[in-house]
Peer 1: 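One structure, pasted below without further comment.
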There are 2 protein chains.
Amino acid sequence: LIKMRDVTKVYPLGQTEVHALRGVNVSIKKGEFISIIGPSGSGKSTLMHIIGCLDVATSGTYFLRGKDVSKMDGNQLADIRKEFIGFIFQDFYLLPDVPAWYNVSLPMIYNRVAPKERKKKAVVILESVGLGDRVNHLPNQLSGGERQRVAIARALANEPEIIIADEPTGNLDSVRGEEILEILSDLHEKGKTIIIVSHEKYVAERGKRKIYLKDGRVEGKN
Amino acid sequence: LIKMRDVTKVYPLGQTEVHALRGVNVSIKKGEFISIIGPSGSGKSTLMHIIGCLDVATSGTYFLRGKDVSKMDGNQLADIRKEFIGFIFQDFYLLPDVPAWYNVSLPMIYNRVAPKERKKKAVVILESVGLGDRVNHLPNQLSGGERQRVAIARALANEPEIIIADEPTGNLDSVRGEEILEILSDLHEKGKTIIIVSHEKYVAERGKRKIYLKDGRVEGKN
Ligand SMILES: Nc1ncnc2c1ncn2[C@@H]1O[C@H](COP(=O)(O)OP(=O)(O)OP(=O)(O)O)[C@@H](O)[C@H]1O
Ligand SMILES: Nc1ncnc2c1ncn2[C@@H]1O[C@H](COP(=O)(O)OP(=O)(O)OP(=O)(O)O)[C@@H](O)[C@H]1O
Ligand SMILES: [Mg+2]
Ligand SMILES: [Mg+2]
């Protein structure tokens, strides 16, 4: 499903450059549950953004579902994200001026789900993450962990093939964290591919296979 | 140092209200190291914002250093924050368009530290949190955990009497997390008062005393 070879990512910074990824090889099969682990600043989010077609590599090849993504333009990448990928961002990235249910329904708008249907489905997903009584709250009317759960609910809205979760439990207590892991495990059992970044052991342990990142390189055989 | 009696916080929300704190009694002595623990949405950040004079209670009394804060206006609260309190926000709240060192130097500007001195001190604090080679990065040129560490460095800039840390390790691996805890422990040994919210056990365990919050109430004797 995912095949990356010699992927690098260099960020320009004034007169210098930051080498966030220094030649990464990653292969992930359909239906796997993978954990990406590594120190802060090691390149995990950078790698996740490239896997999720939110950013392009500086060099190297990336075949997703057999197609070479590194040759695609912005519109083609947006189509792929819309159809196959659900992304839980480390910073949530919720629209600030609309209620929680509307944030969750956003991916459904791209996929042309009828308006009434969208709100109904959004409320069901919000209930599944414990926010049934917060559906009309704006992001700034929610706690940190509640905002994080809205971001998780949004990523699941279209039942995407691939779910990319970047530190999904950073603001959640272990009870809420386990609830989120249960949801991801259920989706995994339904055949979805799950890729999770987490510095919390009880979360990273859920991955059937672990990819260790350090200083922009993958450690060990992969 | 901190004495709160029957503190409530009600957020208006359209036609309804959200009772985030329902009559909280909290007493904290100078030099204590306290952990505030509780489920997502239980009122921890709300309580921290009131303790840190960033928000006012709806009712109840709050004496800080012997003075009744609930009677103060915005300017008086800002003066207290400037002089005594360092706040590590759950959402970081860094200025997006200035480099990391400038974000760290902000509290020093309020306290009239000379410009050259400010940058020097800011770089020293950034080195202490492992960001010596990221001092000129803007927030969007930093990883999640790096932004969190800039927010931590900023809270320590003026060596405040009281440090309020809301989920300070949510984006940090355990090595970086322990480094932050070491810094807070050192400040505690110097006599500073530390109040920390964390859902991660290894962080909450550092508090010498724990306050449990659930549904806006403090559980047990306090
Ligand atoms: N501005 C607001 N308007 C309405 N409700 C709010 C507002 N801010 C917070 N709330 C609600 O108040 C409750 C307490 O919020 P608070 O942020 O204090 O929780 P918390 O314990 O810090 O949670 P977390 O662990 O998820 O960060 C939450 O359920 C939240 O939905
Ligand atoms: N836009 C950018 N410009 C310059 N450097 C950047 C940019 N974005 C990220 N970096 C740098 O690239 C490195 C990798 O960042 P990345 O966000 O992938 O790390 P991470 O492993 O997700 O870290 P964390 O666990 O703290 O979230 C970091 O050291 C960061 O400073
Ligand atoms: Mg990251
Ligand atoms: Mg909070």
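Predicted, not measured: the structure shown is a model, and the values here were computed from it. Per chain, numbering begins at 1; letters A, B, ... match sequence-line order.
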Peer 1: What pairs with Ala155(B) under side-chain contact (heavy atoms from CB on, under 4.5 Å), at least two apart in sequence or on another chain?
Peer 2: Ile88(B)
Peer 1: Examine whether an atom of Val18(B) lies under 4.5 Å from a heavy atom of chain A, and if so say whether it belongs to the side chain, the backbone or both; otherwise answer neither.
Peer 2: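 Answer is side chain: those atoms of Val18(B) sit under 4.5 Å from chain A.
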Peer 1: Distance-only check: which donor-acceptor pairs of chain A and chain B lie under 3.5 Å?
Peer 2:
| from | atom 1 | to | atom 2 | distance (Å) |
| --- | --- | --- | --- | --- |
| Ser40(A) | N | Asp173(B) | OD1 | 2.7 |
| Ser40(A) | OG | Arg149(B) | NH2 | 2.8 |
| Gln90(A) | NE2 | Asn171(B) | OD1 | 2.8 |
| Asp91(A) | OD1 | Arg147(B) | NH2 | 3.2 |
| Asp91(A) | OD2 | Arg147(B) | NH2 | 2.6 |
| Arg147(A) | NH2 | Asp91(B) | OD1 | 3.2 |
| Arg147(A) | NH2 | Asp91(B) | OD2 | 2.6 |
| Arg149(A) | NH2 | Ser40(B) | OG | 2.8 |
| Thr169(A) | O | His199(B) | NE2 | 3.3 |
| Asn171(A) | OD1 | Gln90(B) | NE2 | 2.8 |
| Leu172(A) | O | His199(B) | NE2 | 3.0 |
| Asp173(A) | OD1 | Ser40(B) | N | 2.7 |
| His199(A) | NE2 | Thr169(B) | O | 3.4 |
| His199(A) | NE2 | Leu172(B) | O | 3.0 |
| His199(A) | NE2 | Glu200(B) | OE1 | 3.3 |
| His199(A) | NE2 | Glu200(B) | OE2 | 3.2 |
| Glu200(A) | OE1 | His199(B) | NE2 | 3.3 |
| Glu200(A) | OE2 | His199(B) | NE2 | 3.2 |

Peer 1: Partners of Ala153(A) by side-chain contact (heavy atoms from CB on, under 4.5 Å), sequence neighbours excluded?
Peer 2: Val104(A), Ile125(A), Leu126(A), Val129(A)
